[in-house]
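All remarks here apply to the structure that follows.
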Amino acid sequence: MCGIVGLHLKNPALQPELGRLLVPMIEAMTSRGPDSAGLALYDDEGMHVVKDVGLPRDICAAHGIASRSGYQAVGHTRMATESAITPEHAHPFTPVPDLALVHNGSFSNHASVRRNLAFDGITCTTDNDSEVAARFIGREIAGGADLEDAMRMVLKEFDGFFTLLVTTATQFAVLRDSFACKPAVIAETADYVAMASEYHALAELPGIADARIVEPEPERVYAWSR
Amino acid sequence: MIDPTQAGLRESATFDRATIASIQRAAETGVYDIRGWGAKRAVPHFDDLLLLGASMSRYPLEGYRERCDTDVVLGDRHASNPLHLDIPITIAGMSFGALSAQAKEALGRGATEVGTSTTTGDGGMTPEERGQSKNLVYQYLPSRYGMNPDDLRSADAIEIVLGQGAKPGGGGMLLGQKISDRVAGMRTLPAGIDQRSACRHPDWTGPDDLTIKILELREITDWQKPIYVKVGATRTYYDVKLAVAAGADVVVVDGMQGGTAATQEVFIEHVGIPTLAAIPQAVQALAELGLHRKVQLIVSGGIRTGADVAKAMALGADAVAIGTAALIALGDNHPRYADEYAKIGSAPGFYDDYQDGRDPAGITTQDPDLAKRLDPVEGGRRVANYLRVLTLEAQTLARACGKAHLRNLEPEDLVALTIEAAAMARVPLAGTSWIPGQNF
Ligand SMILES: Cc1cc2nc3c(=O)[nH]c(=O)nc-3n(C[C@H](O)[C@H](O)[C@H](O)COP(=O)(O)O)c2cc1C
């Protein structure tokens, strides 16, 4: 259905390399999501979002991603399930400033959550289920919740299958549902935290052979801050 | 006698045999027909809806390994002691008087065994049912028969009854043959004389006065007990809004198919709207107030299977209540009583004379010999079994739709088989995106 990748740099020396490290990661996820792709990159000026229809290789080339620098990035390749293939339907969803969400899976009660959000005056602009989760987390954060708490609220509110990677200007967080069927792997070294749907997306990263590799447990929020 | 169909005779659709018999009966007796059960005519119902199971775009859950929770909390809006039920299927209010003490006890035993609630009814609370029911909802009805503040305080929740789906706008009836000394004593009425209960509460009418009544009940019970308001389904959208405005913690909506112990046939068949049509109205009212799933919605009227439970919940109910089906589980209309049904002019599958007290199954009677036929322990076991099956069936369907909790079923999981059901339930006709009456 989809592929997700993310990179959170701890070592500032790697920041000029962010784009160069990220491009092979997202390209490795092409077969999981050939419809469209998107990225959010964070540097000192803020969050920059690129999303479009097409293959990740072409989108990265068109936007010169390989030469971008920054301290953190998420990427997504999409295989659409129940909603249209347009740039707006592509991930990441960025409902509030500095927040980016990428999702792999399928929520089974998003119509109900969407209605509850609408009652609070929060309307989704697409019929994509992942946007509902992004807006839900956005609302919690706008209400003062910290990202980890907001992600825990997702466990209470949402049913279905999900691996979520959510970032803010300062945080990088991963969460899987209680069934933990949608794949995820996290690699951590002294220099970075990297996350992907499949390990081979991480295989090119420097020092990966010595990284601490974990498969995230169900219903546990894994979070890093800078 | 010739076989009319073999002989090529044609029966009238307008004047069918039941209609002819009822005209003949009316002409002979000069009194209208009173019976039990609910509406017998066909109306759009849950069978006209189908669930969209998961396949590729969504993922189903594994039946025996992956959880699908069923618990529900009822009444946490204002009450400090809301009800925590293990399953969202409750036993509806059926009076002692309409039912034997044994039947009431059996319902309490069955409900308690599976962690759900049962409900009193017109005529008060019996010690048998209080004793055997962990969660007992106490009905507060227009008649106030058997109503007393001690029982009110010993209940786990209070249900203010404005009406019933079988007879919205009508009061209760209990015919003299069922008014034994015990029933009469609890109601402070003479034994053996037909009794009609009021269609309206004696001390309040409308939501403005109900607000005061609810506050009174909260004071008596120290703000601990959830307060339900039960309405028969008619102008459900407005009634639910007003019940909430008056302060209800839980709203119970009973559709026109809902059962009754004794009501005029003309009332049962011609007043009210189908359960299917009532649920979306109730949910719309709650959603507009921002209180859907905060003020809980209990739906009743024609719930028979786990599919009905799942579909009611998908339309937005928090829980359902069952009446007739629980009586059938106890043994009502069982073929083993065929000969005895024949003696009183009925047959298994057709028996609906709950009003007359001669129930061969010993359920809707006060005759001590008939009532003895129902063993409350065995009856409780049967009710518990039935409730378990309903739950397992509902879970099966919810898992197929990828839900780890029954309450996460949603209208988007449903499609309708007929245009009527699509319009009433506000879900698309199967295979289309067309919801009649919407997007015009
Ligand atoms: C025998 C019998 C007695 C009933 N007594 C009452 C009653 O005292 N108070 C009340 O609110 N509803 C009463 N009802 C209606 C039920 O509470 C419930 O609304 C209805 O049975 C639900 O529909 P169902 O029978 O299709 O499940 C009675 C129903 C039956 C079958």
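In what follows, chains carry the letters A, B, and so on, assigned in the order in which the sequence lines appear, proteins first and then strands, with residues in each chain numbered from 1. Computation of the quantities below employed the complete heavy-atom set of this structure, encompassing side-chain atoms and omitting hydrogens, waters and symmetry-equivalent molecules.
For B:Arg293, no part lies under 4.5 angstrom from a heavy atom of chain A. In this structure, no portion of B:Glu62 lies under 4.5 Å from any heavy atom of chain A. Neither the backbone nor the side chain of A:Phe158 has a heavy atom closer than 4.5 Å to any heavy atom of chain B.
Using a 4.5 Å cut-off on side-chain heavy atoms (C-beta onward), A:Phe119 and B:Leu291 make no contact.
Contacts of B:Ala312 classified as side chain to side chain contact (heavy atoms under 4.5 Å, CB included), with partners at least two apart in sequence or in another chain: B:Phe46, B:Ile279, B:Ile303, B:Ala317, B:Val320. Residues passing the side-chain hydrogen bond (donor to acceptor under 3.5 Å, both in side chains) test with B:Tyr228, sequence neighbours excluded: none.
Heavy-atom neighbours of B:Glu288 CD from other residues, nucleotides or ligands within 6.0 Å: above the threshold of 12. Within 6.0 Å of atom OH in A:Tyr199, more than 12 heavy atoms from other residues, nucleotides or ligands are found, so the atom counts as buried in its surroundings.
Looking only at distances, a side-chain donor or acceptor of A:Asp159 sits under 3.5 Å from a matching main-chain atom of B:Ala404.
Taking 4.5 Å as the heavy-atom cut-off, the residues of residues 176-183 of chain A that approach chain B are A:Ser178, A:Phe179, A:Lys182, ordered by number. Below 4.5 Å, heavy atoms of chain A meet heavy atoms from B:Met56, B:Ser57, all part of residues 48-57 of chain B.
In this structure, A:His110 and B:Glu410 approach most closely via the heavy-atom pair N-OE2, 3.7 Å. Residues B:Cys401 and A:Ser108 come closest through the heavy atom pair O-CB, 3.9 Å.
Salt-bridge formation is detected for the pair B:Glu412/A:Arg115: a Lys NZ or Arg NE/NH1/NH2 atom is positioned less than 4.0 Å from an Asp or Glu carboxylate oxygen.
Here A:Phe162 contributes atom CZ and B:Tyr59 contributes atom OH; the two are 12.5 Å apart, rounded to the nearest 0.5 Å. Atom CZ of B:Arg407 sits about 9.0 Å away from atom CG of A:Asn109, to the nearest 0.5 Å.
For the set B:Asp413, B:Leu61, B:Leu409, the count of heavy-atom pairs under 4.5 angstrom toward chain A peaks at B:Leu61.
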